[in-house]
2 protein chains.
Amino acid sequence: MARAGLTAERVTQAAADLADEIGFQHMTVSALARGFGVKPAALYSHVKDAQDVKVRVASLALTELADRAAAALAGRAGKDALVAFANVYRDYAKEHPGRYAATQMELDPETAAADAARRNAELTRALLRGYELQEPDQTDAVRMLGGLFHGYVTLEKAGGFRHTPREVDASWSRTLDALDSLLRNWPPA
Amino acid sequence: MARAGLTAERVTQAAADLADEIGFQHMTVSALARGFGVKPAALYSHVKDAQDVKVRVASLALTELADRAAAALAGRAGKDALVAFANVYRDYAKEHPGRYAATQMELDPETAAADAARRNAELTRALLRGYELQEPDQTDAVRMLGGLFHGYVTLEKAGGFRHTPREVDASWSRTLDALDSLLRNWPPA
DNA sequence: CTAGTAAACTTAAAACCTGTAAGCAAATAG
DNA sequence: CTATTTGCTTACAGGTTTTAAGTTTACTAG
């Protein structure tokens, strides 16, 4: 029988794609093996276990997100940057629901995945250069933005906004208006 | 053999407690059965399947959250109400991580669980009575608050803020200051 | 070119979880 | 006190995870 040519990278890619298709929760080692036309045990030479696959997908997703965010931020500042940055997260979550779900995993701080998460936080901090925030306000704002983007996108995806007729896109746009306004008028301690 | 006295309610309670102990993901029908000193099959007379148990836990959690939020809102207005309300969600997530994780499930809109989710949104709207927001700004603000609370709490719990020395409590407090300021100065369309 | 070895994959198997169906025992009703 | 419903067990079919051992494929070196 011809070999499938498995590597940790190809398994991770396939896992990410499969998660986008059928949901991160339903992405199993067995399903992955089926996709490669291979027995489940074959994957364990390339990947430690099921948890390892999930962490790798999380790392991949966080890296892709940081890459897109960095590109969006290039040459932009102020509200323009804020909107572009925020839309990267929202669009990514819609385009890659499985990958995005992976980013919600608890990652222990030693891993490459945690590094990728840190890179995203750094980019949020870079975004704030367009606003005149000093420490510790800057850190507070980074956390607020991170939480807001993540939470809004998650609730929207989970259908939490479906019960009100108002267009979700309009609310999103106005939320970004409000955020811009807030960052330009951050209350003093 | 003496009977265990199972009911859907007791199973749901046990499931919620078990989820808080070992994590929502690891809460299985088998583990529940062990807790009751009963064979797994016994549970299927009281509960449709594993998914059903999870949805029931989500519903329970959302109801408990709404109850606490309603109590926190009673007799308070403005920033006082905002802080109390926000802390309900943050404290609940810390106290009941498994239950809180359950609230992140995708709920189809027909169920009792979705009703409980709606009740939470209504309470957020009630909170905004202390600020002078007209529609559609009110709906936009409800969505923003829901997303922010949920996202902040989720990221904090997932360890997303651990890499910066700044106290998470301090950032939370300042985030609420900022939100109060924003709601009092909501930008015009 | 061929023998040896390392890597890739399969087979086999244990342990666990989900869910259905059939059977037995305990509570309840007439 | 019998009859029936209800609650739980047994039995089982099917699926996933993971380890260990065996086989085949591909590479490496003499």
Side-chain angles (χ1 to χ4, degrees), chain A residues 1-60 98-99 101-102 105-108 111 113, chain B residues 1-60 98-99 101-102 105-108 111 113:
Chain A
M1 254 181 232
R3 294 195 179 175
L6 300 181
T7 65
E9 287 67 33
R10 287 194 62 201
V11 170
T12 304
Q13 276 287 341
D17 293 344
L18 184 61
D20 284 338
E21 259 186 61
I22 65 174
F24 186 63
Q25 310 298 335
H26 303 113
M27 188 269 290
T28 67
V29 174
S30 293
L32 274 176
R34 275 192 293 276
F36 281 110
V38 129
K39 304 294 167 190
L43 299 189
Y44 288 85
S45 314
H46 305 278
V47 142
K48 188 175 166 292
D49 53 21
Q51 178 67 8
D52 184 32
V53 178
K54 288 181 183 170
V55 172
R56 281 170 189 272
V57 172
S59 187
L60 172 70
R99 282 168 159 89
M105 290 186 56
E106 304 198 20
L107 304 166
D108 65 316
T111 64
Chain B
M1 257 179 229
R3 296 192 177 178
L6 301 180
T7 65
E9 286 67 34
R10 288 193 60 202
V11 170
T12 304
Q13 275 287 340
D17 293 344
L18 185 60
D20 283 339
E21 260 186 59
I22 65 174
F24 187 62
Q25 309 299 335
H26 303 113
M27 188 270 289
T28 66
V29 174
S30 292
L32 275 176
R34 274 192 295 276
F36 281 109
V38 131
K39 304 295 167 189
L43 299 189
Y44 290 88
S45 314
H46 305 277
V47 142
K48 189 174 167 291
D49 53 20
Q51 178 67 9
D52 184 31
V53 178
K54 289 181 181 170
V55 171
R56 281 170 189 271
V57 172
S59 187
L60 173 69
R99 282 168 160 89
M105 291 186 55
E106 304 198 19
L107 304 165
D108 65 316
T111 65

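Chain letters run A, B, ... following the sequence lines, proteins first, then strands; residues in each count from 1.
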Exercise: identify the closest heavy-atom pair between [X] and [Y]:
X: Y44(A); Y: D49(A); value: CE2-CA, 3.9 Å
X: A15(B); Y: V53(B); value: CB-CG1, 3.6 Å
X: L43(A); Y: A33(A); value: CD1-N, 3.9 Å
X: P40(A); Y: V29(A); value: O-CG1, 4.2 Å

Discussion item. Pair H26(B), L18(B) - check side-chain contact (heavy atoms from CB on, under 4.5 Å), show working.
Written reply: CA-CA 9 Å; H26(B) 303 113; L18(B) 185 60; over 6 Å; no

Measure from [atom1] on [X] to [atom2] on [N] and round the result to the nearest Å.
X: D49(B); N: dG19(C); atom1: CG; atom2: C1'; result: 9 Å
X: Y44(B); N: dT9(D); atom1: OH; atom2: P; result: 14 Å
X: D52(A); N: dT19(D); atom1: CG; atom2: P; result: 12 Å
X: R3(A); N: dT23(D); atom1: CZ; atom2: P; result: 16 Å

Discussion item. Test your reading of the model: is there a side-chain donor-acceptor pair from S59(B) to the backbone of V55(B), 3.5 Å cut-off?
Written reply: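 Flag not set: sc S59(B) to bb V55(B) has no pair under 3.5 Å.
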
Practice prompt. Verify, without hydrogens or angle tests, whether R10(A) (side chain) and A4(A) (backbone) share a donor-acceptor contact under 3.5 angstrom.
Written response: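 Pair found, side chain donor or acceptor close to backbone of A4(A).
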
Discussion item. OP1 or OP2 of dA7(C) versus the side-chain N and O atoms of H46(A): is any pair under 4.0 Å?
Written reply: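 Looking at the OP1 and OP2 atoms of dA7(C), neither is under 4.0 Å from any side-chain N or O of H46(A).
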
Worksheet item: Which residues, if any, of residues 26-42 of chain A bring a heavy atom under 4.0 Å of DNA chain C?
Response: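 Residues of residues 26-42 of chain A that come under 4.0 Å of DNA chain C are, in numerical order, V38(A), K39(A), A41(A), A42(A).
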
Fill in: DNA chain C contacts made by residues 6-23 of chain A, counting heavy atoms under 4.0 Å
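Listed by number, they are L6(A).
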
Fill in: From dC8(D), dG19(C), dT24(D), nucleotide with atom closest to A50(B) side chain
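Nucleotide nearest to A50(B)'s side chain: dG19(C).
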
Item to complete: Nearest 0.5 Å please: distance from the CG atom of D20(A) over to the CE atom of M27(A).
Response: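 The CE atom of M27(A) is 10.0 Å from CG of D20(A), to the nearest 0.5 Å.
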
Discussion item. So, taking the atom named CG in D52(B) and the one named OG1 in T12(B), what distance separates them when rounded to the nearest 0.5 Å?
Written reply: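 Atom-to-atom, D52(B):CG and T12(B):OG1 are 7.5 Å apart.
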
Item to complete: Measure the angle between the two terminal helix axes of the helix from dC1(C)-dG30(D) to dG30(C)-dC1(D), five base pairs each, and quote it to 10°.
Response: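 The helix from dC1(C)-dG30(D) to dG30(C)-dC1(D) shows an end-to-end axis angle of 0°.
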
Discussion item. Between K48(B) and R56(B), is there a side-chain heavy-atom distance shorter than 4.5 Å?
Written reply: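 No, too far: nothing below the 4.5 Å cut-off.
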
Discussion item. Is any side-chain heavy atom of R3(B) closer than 4.5 Å to one of V38(B)?
Written reply: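 No, every pair of side-chain atoms sits at 4.5 Å or beyond.
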
